[in-house]
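What follows is a short report on a single structure.
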Amino acid sequence: MLFSAHQLSCIRSHKTLFQNVSFELSPGQLLLVEGKNGAGKTSLLKLLSGLRRPDSGEVKWNQVNILQAESDFRTYLAWLGHQNPLKEDQTALENLTMLGHIRQRNQISMIEAVKTVHLGHVKHKFVKTFSAGMKRRLSLASLLIAKTPLWILDEPQAALDKAGITLFETLAEQHLKKGGMIIMTSHHSVNIAPEYIQTLVLGHD
C-alpha cells in the first residue's frame with residue numbers, strides 16, 4: 001500500500017492556502033500536518049480524503065488517482081473531522097452499529113470497542129447525555145471497528161482530557177504497529193514513537 005500526494009495546491013476565496021505539497025506515506029507511518037491557523041490544514045485533509053478537489057496536483061492510492069472511478073480508495077479510508085459522526089438520539093452501541101455498516105468490519109466487537117475507549121458503563125446511554133470528551137472517545141471507537149488501514153484525522157484529540165489523549169496515542173501507535181497509516185493535524189504535542197512520524201508544515205517560508 002502507498003498513499004501519496006503530488007504538487008497539491010488549494011485556493012480559497014482567491015487566496016492560495018498552500019501549493020506544491022507532496023509526500024509519500026507507507027504502512028506504519030504517520031504524517032503530522034502542522035501550521036498556523038488559516039494555513040490550510042483542514043483543507044489539505046479534505047483534499048486527501050477526496051471530500052474536495054485540489055486546484056492542481058493529485059492524490060494517489062496505490063498509484064491510482066483517488067478521484068478516478070476505478071479507485072477503491074474509499075474502502076480503505078476512515079475519516080474523522082471536527083464534527084463527531086454521531087447521532088445524539090441514539091445510544092453508544094446504536095451509533096457504532098450504524099457506523100459499522102458503512103465500511104468493512106474489523107474483528108473487534110462493538111462492545112469490545114466501547115470498552116476499549118472506557119465507555120462500557122454507558123454503552124446503552126443516549127449520546128446526547130455524553131460530555132464532549134465522551135463523544136470524542138466514541139468517535140475513536142468507530143475507527144476501531146472499521147477495517148481501514150488509512151486514518152485521516154482532523155484534531156483527533158479535541159475535547160479529550162489528559163487520559164483521553166493518552167488513550168488516543170495508544171490506539172494510534174497500535175494501528176501503526178499493525179501496518180496502518182495515519183494523517184492527522186494537532187494543536188497538541190503527539191507522544192508517539194518518533195520513528196513512525198514524518199511532519200509536513202504548511203505556511204512556512
Side-chain angles (χ1 to χ4, degrees), residues 30-46 48-49 51 77-103 105-178 180-194 196-197 199 202:
L30 183 153
L31 179 68
L32 180 60
V33 180
E34 298 181 339
K36 297 179 180 178
N37 289 339
K41 299 186 296 295
T42 295
S43 293
L44 175 60
L45 294 197
K46 288 183 176 180
L48 298 178
S49 63
L51 295 175
L77 168 68
W79 157 264
L80 179 58
H82 287 153
Q83 298 296 321
N84 296 309
L86 306 173
K87 290 188 178 296
E88 296 277 319
D89 58 350
Q90 292 185 346
T91 68
L93 281 180
E94 287 171 341
N95 267 282
L96 285 188
T97 299
M98 173 192 68
L99 294 169
H101 291 313
I102 297 175
R103 300 179 184 88
R105 279 282 310 281
N106 220 332
Q107 291 183 339
I108 188 172
S109 70
M110 303 294 182
I111 292 179
E112 186 180 354
V114 171
K115 288 181 177 178
T116 298
V117 297
H118 308 303
L119 293 176
H121 61 296
V122 291
K123 59 182 179 291
H124 296 304
K125 299 290 187 181
F126 289 112
V127 166
K128 63 185 176 185
T129 67
F130 287 11
S131 68
M134 292 167 70
K135 291 176 182 177
R136 202 58 170 173
R137 284 176 184 250
L138 185 57
S139 297
L140 295 178
S142 73
L143 300 175
L144 302 179
I145 64 173
K147 194 173 183 179
T148 49
L150 177 61
W151 295 356
I152 298 184
L153 315 173
D154 199 1
E155 298 290 346
Q157 303 112 310
L160 293 176
D161 58 13
K162 185 176 180 180
I165 291 174
T166 299
L167 170 66
F168 163 72
E169 291 168 344
T170 299
L171 297 177
E173 192 157 319
Q174 289 174 350
H175 183 63
L176 296 169
K177 287 179 178 178
K178 294 176 182 176
M181 297 179 280
I182 300 174
I183 300 174
M184 62 175 285
T185 62
S186 178
H187 286 304
H188 301 272
S189 59
V190 180
N191 187 25
I192 292 175
Y196 295 115
I197 299 176
T199 302
L202 296 180

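Note that the coordinates shown come from a computational prediction; the quantities given were computed from them, not determined experimentally.
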Considering only distance and modelled atom types, tabulate donor-acceptor pairs under 3.5 Å from the side chains of residues 139-147, sequence neighbours left out.
from : atom 1 : to   : atom 2 : distance (Å)
S139 : OG     : N84  : OD1    : 2.9
S139 : OG     : K135 : O      : 3.1
S142 : OG     : S139 : O      : 2.4

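The minimum heavy-atom distance linking S49 with L77 is given by the pair O-CD2, 3.7 Å. Considering every non-hydrogen atom in both Y196 and L176, the closest pair reads CB-CD1, 3.8 Å. Contact record, V114 with L93: CG2-CD2, 3.9 Å, taken as the closest heavy-atom pair. Nearest approach of L32 to S186, heavy atoms of both residues: CD1-CB, 4.2 Å. The shortest non-hydrogen separation linking H124 to T91 is O-CG2, 3.3 Å.
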TODO: Give the C-alpha distance, both sets of side-chain angles, the deciding distance and a yes or no for side-chain contact (heavy atoms from CB on, under 4.5 Å) between L99 and L86.
DONE: CA-CA 9 Å; L99 294 169; L86 306 173; 4.3 Å; yes
TODO: Under the side-chain contact (heavy atoms from CB on, under 4.5 Å) rule, what do M184 and W151 come out as? Steps first, then yes or no, please.
DONE: CA-CA 8 Å; M184 62 175 285; W151 295 356; over 6 Å; no
Open item on the list: One pair to check against side-chain contact (heavy atoms from CB on, under 4.5 Å): L171 and T116. What are the steps and the verdict?
Closed with: CA-CA 9 Å; L171 297 177; T116 298; 3.8 Å; yes
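Atom CG of residue L138 and atom NZ of residue K125 lie 15.0 Å apart, to the nearest 0.5 angstrom. For the atom pair M181 CE and T148 OG1, the distance stands at 10.0 Å (nearest 0.5 Å). Atom CG of L80 sits about 5.5 Å away from atom CG of L153, to the nearest 0.5 Å. Between atom CD1 of residue I111 and atom CG of residue L96 there is a gap of 10.5 Å, rounded to the nearest 0.5 Å. The distance from atom CD of E88 to atom CG of N95, rounded to the nearest 0.5 Å, is 8.5 Å. Between atom CZ of residue R136 and atom CD1 of residue I165 there is a gap of 11.5 Å, rounded to the nearest 0.5 Å.
The closest donor-acceptor contact from the side chain of Q157 to the backbone of F168 lies at 3.5 Å or more, if one exists at all. A donor-acceptor pair under 3.5 Å is formed between the side chain of K41 and the backbone N or O of G35. In this structure, T185 contributes its side chain and E155 its backbone to a donor-acceptor pair below 3.5 Å.
Within the 4.5 Å cutoff, side-chain heavy atoms of K46 are placed close to those of T42. Within the 4.5 Å cutoff, no side-chain heavy atoms of D89 are placed close to those of E94. In this structure, the side chains of L45 and W79 come closer than 4.5 Å at one or more pairs of heavy atoms. Residues I182 and I192 fail the side-chain proximity criterion, which asks for heavy atoms closer than 4.5 Å.
Checked for salt-bridge contact, R137 and D161 meet the test: a charged N lies under 4.0 Å from a carboxylate O.
Remark: the E34 side chain and the T199 side chain contain no N/O donor-acceptor pair separated by less than 3.5 Å.
Not counting sequence neighbours, the partners of A132 by the side chain to side chain contact (heavy atoms under 4.5 Å, CB included) test are A159.
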